[in-house]
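Lettering follows sequence order; numbering is per chain, from 1.
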There are 2 protein chains.
Amino acid sequence: MQFDADQFRSLCAEHGLAVTHQRQVIYQALMSMHDHPNPEVVYEKVRKRIPSISLATVYKNIKTFVDSGLLREVSLHHGPARLETNLDPHHHLVCIQCKTIVDLDDGDLEPVRLKKKLPRGFSVQRYSVEVIGLCKHCST
Amino acid sequence: MQFDADQFRSLCAEHGLAVTHQRQVIYQALMSMHDHPNPEVVYEKVRKRIPSISLATVYKNIKTFVDSGLLREVSLHHGPARLETNLDPHHHLVCIQCKTIVDLDDGDLEPVRLKKKLPRGFSVQRYSVEVIGLCKHCST
DNA sequence: TATTAAACGATAATTATTATCAAACGTCAA
DNA sequence: TTGACGTTTGATAATAATTATCGTTTAATA
Ligand SMILES: [Mn+2]
Ligand SMILES: [Mn+2]
Ligand SMILES: [Zn+2]
Ligand SMILES: [Zn+2]
């Protein structure tokens with residue numbers, strides 16, 4: 001515990017962040033959850049240790065962690081729905097900046113192949129590959 | 001135009017949907033946009049043809065089309081953000097039902113390989129593979 | 001320990017989406 | 001073709017997710 005606190009202290013120092021009790025509890029809550037939680041779930045977990053914490057503080061710290069690279073978002077696609085009219089199997093090129101999504105034909109890619117067995121009981125419906133980066137327009 | 005209208009008419013018949021002017025204009029707007037629009041953008045486009053249309057009608061029809069399989073959503077991850085604490089390169093197993101996201105080690109997958117060149121100017125940052133299906137819990 | 005910038009909590013505002021409901025419309029059988 | 005009936009529409013309220021605002025508190029550091 002003392003050790004973790006010190007680790008967090010230096011993490012914050014590296015990224016120029018003030019060390020606050022709230023920040024540390026939020027970080028530890030996040031790191032103890034290995035199932036890609038949403039902010040609300042993090043809030044509920046943190047509230048067990050700091051009942052008076054504000055939901056806004058949780059959101060603000062998550063943003064801070066993401067901006068500092070201590071944390072990521074699973075996908076670029078949270079927020080408004082993006083609609084797909086191309087019903088053929090295909091993949092995507094996604095720009096991290098402008099969020100433009102461009103189709104990548106299924107045949108333009110070597111088929112996805114697993115080396116290991118998937119967890120028992122999971123039935124695969126399809127594979128989705130995203131090539132993530134900066135589009136021409138955004139990289140200038 | 002007459003032909004498209006007839007096509008839409010039979011599409012609706014196949015899926016048990018009433019043929020309305022709004023529905024047809026929304027569908028045609030969608031099919032003419034090859035860039036994965038969000039509902040707001042569809043609304044703006046439809047409004048040029050039916051200025052009096054309600055945003056709710058656009059949302060309701062998009063939902064109807066998705067439920068009928070005439071349309072998809074690009075990703076399962078729209079809505080609340082999902083947080084990623086695993087900073088190692090890895091991929092995901094995603095359940096379409098409960099939205100559970102499970103890590104898939106980078107080494108468990110043959111590397112993604114492109115057969116063709118990407119569009120000029122796109123700089124790749126990383127690949128993200130999602131194995132999409134039903135988890136053990138949801139498939140029973 | 002005093003100064004100062006950063007962070008916090010409360011809450012308002014914004015954005016995205018869904019729900020509600022009365023009026024209008026489309027379907028289909030007579 | 002008409003009329004009954006279920007569906008869709010438009011207006012708008014409600015909800016969910018997130019960000020902004022702002023006065024107060026706290027942490028960094030000199
Ligand atoms: Mn696509
Ligand atoms: Mn992960
Ligand atoms: Zn871009
Ligand atoms: Zn599931």
Side-chain angles (χ1 to χ4, degrees), chain A residues 5-6 8-30 36-44 46-47 49-68 70-83 99, chain B residues 5-6 8-27 29-30 36-44 46-47 49-68 70-71 73-83 99:
Chain A
D6 280 353
F8 184 69
R9 199 161 274 281
S10 39
L11 250 187
C12 285
E14 278 172 45
H15 292 91
L17 303 175
V19 177
T20 69
H21 182 50
Q22 289 88 341
R23 183 161 289 166
Q24 181 172 346
V25 172
I26 293 166
Y27 185 78
Q28 288 192 343
L30 278 162
H36 311 85
N38 63 38
E40 200 68 37
V41 169
V42 176
Y43 174 58
E44 287 311 324
V46 169
R47 234 142 65 108
R49 292 239 263 138
I50 313 176
S52 61
I53 200 166
S54 167
L55 176 59
T57 297
V58 174
Y59 269 99
K60 280 182 283 198
N61 275 287
I62 286 171
K63 190 173 243 291
T64 301
F65 292 147
V66 170
D67 291 345
S68 305
L70 272 68
L71 197 67
R72 283 189 161 183
E73 290 176 352
V74 170
S75 157
L76 296 172
H77 304 301
H78 84 100
R82 298 291 294 271
L83 304 168
K99 308 289 170 71
Chain B
D6 280 353
F8 184 69
R9 198 161 276 280
S10 39
L11 252 187
C12 286
E14 278 172 44
H15 292 91
L17 303 175
V19 177
T20 69
H21 182 51
Q22 289 88 339
R23 183 160 287 165
Q24 181 173 345
V25 171
I26 292 166
Y27 185 78
L30 278 161
H36 310 85
N38 63 37
E40 200 69 37
V41 168
V42 176
Y43 175 58
E44 288 312 325
V46 169
R47 233 142 66 108
R49 291 241 261 139
I50 313 176
S52 61
I53 200 166
S54 167
L55 176 58
T57 298
V58 173
Y59 268 99
K60 279 181 284 199
N61 276 287
I62 286 171
K63 189 173 244 291
T64 301
F65 292 147
V66 170
D67 291 346
S68 306
L70 273 65
L71 198 65
E73 289 176 353
V74 169
S75 158
L76 296 172
H77 304 303
H78 84 101
R82 298 292 293 271
L83 304 168
K99 307 288 170 73

Below 3.5 Å is the cut-off: list the nitrogen or oxygen pairs between protein and nucleotides 28-30 of chain D, distance only.
| residue | atom | partner | partner atom | Å |
| --- | --- | --- | --- | --- |
| dA28(D) | OP1 | V19(A) | N | 3.2 |

Exercise. Heavy atoms, side chains only, cut-off 4.5 Å: are T57(A) and I50(A) in contact?
Worked result: no
Exercise. Does some side-chain heavy atom of H77(A) sit less than 4.5 Å from a side-chain heavy atom of E73(B)?
Worked result: no
Gap between atoms [atom1] and [atom2], on [X] and [N] respectively (whole Å):
X	N	atom1	atom2	answer
L83(B)	dT18(D)	CG	C1'	13 Å
R23(B)	dT9(D)	CZ	C1'	10 Å
D67(A)	dA6(C)	CG	C1'	15 Å
E40(A)	dA17(D)	CD	C1'	8 Å

For this session: Could you list by number each residue of residues 54-66 of chain B showing a heavy-atom separation from DNA chain D of less than 4.0 Å, or answer none if no residue does?
Result: S54(B), A56(B), T57(B), K60(B), N61(B)
[X] side, atom [atom1]; [Y] side, atom [atom2] - distance, nearest 0.5 Å:
X	Y	atom1	atom2	value
Q24(A)	N61(A)	CD	CG	11.5 Å
L30(B)	I62(B)	CG	CD1	5.5 Å
K60(B)	T64(B)	NZ	OG1	9.0 Å

For this session: Quick one: list whatever passes salt bridge (Lys or Arg N to Asp or Glu O under 4.0 Å) with R9(A), sequence neighbours left out.
Result: none
For this session: Hey, which sits more toward the 5' end of DNA chain D by its nearest nucleotide, H21(B) or G79(B)?
Result: H21(B)
Exercise. Which word best sums up how the rings of F8(B) and Y27(B) line up, parallel for under 30°, tilted for 30 to 60°, or perpendicular for over 60°?
Worked result: tilted
Problem set entry | Any H78(A) side-chain nitrogen or oxygen under 4.0 Å from OP1 or OP2 of dT18(D) | yes
Exercise. OP1 or OP2 of dC25(C) sitting under 4.0 Å from any side-chain N/O of Q22(B)?
Worked result: no
Exercise. Does R23(A) use its side chain to pair, donor to acceptor, with the backbone of A18(A) at less than 3.5 Å?
Worked result: yes
